[in-house]
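Report on the following structure.
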Amino acid sequence: MKMKENDLITITDEEGVERTFVILFTFTNEKRGANYVFFYDEENDEEVMYARYYEDGTLDYIEDSKEISEIEEVFAAYESELEEDEDEE
């Protein structure tokens, strides 16, 4: 499954409720051999969530603190790049 920026992703929670989110961006960590997707709810674009994703479309939430730190660094770099782009305009 190919996930692309601005595509929609539907996630079913533990209670069977489906929610739709917008994909912000994806990232592949070659060292870990893992793909990640960053996404947000259109009604609350202040909160960005992330998960590991697989080619079959399944998602795993990340629980390992070291992996979470790595992902947060990726997101910080993404935000920094956005700010630089805005400053150039």
**Fill in**
Smallest heavy-atom separation, Y50 atom then Y61 atom, equals O-CD2, 3.8 Å

**Asked** Roughly how far apart are Y78 OH and F38 CZ, rounded to 0.5 Å?
**Response** 10.0 Å

**Message:** Any carboxylate oxygen within less than 4.0 angstrom of a Lys/Arg side-chain nitrogen, looking at D41 and R19?
**Reply:** yes

**Message:** Check for me, please, whether L82 and F25 land in the same ILVMFWY cluster - side-chain distances under 4.5 Å, paths through other members count.
**Reply:** yes

**Request:** Kindly indicate whether the side chain of E70, heavy atoms from C-beta on, has any atom under 4.5 Å from the side chain of V74.
**Result:** no

**Message:** As an exercise, state the distance from CD1 of I71 to CZ of F27, rounded to the nearest 0.5 Å.
**Reply:** 6.0 Å

**All side-chain contact (heavy atoms from CB on, under 4.5 Å) counterparts of E67, not counting sequence neighbours** = R32, Y36, R52, I62, D64

**Asked** Shortest non-hydrogen contact from M49 to Y40?
**Response** CE-CA, 4.2 Å

**Asked** What do the steps show when you test L8 against I23 for side chain to side chain contact (heavy atoms under 4.5 Å, CB included), and what is the final call?
**Response** CA-CA 6 Å; L8 298 179; I23 295 175; over 6 Å; no

**Asked** Is any side-chain heavy atom of Y53 closer than 4.5 Å to a side-chain heavy atom of I9?
**Response** no

**Request:** Supply the atom-to-atom distance E30 CD to N35 CG, rounded to the nearest 0.5 angstrom.
**Result:** 8.5 Å

**Complete:** When every non-hydrogen atom of V37 is compared with those of F39, the smallest separation belongs to O-CD2, 3.7 Å

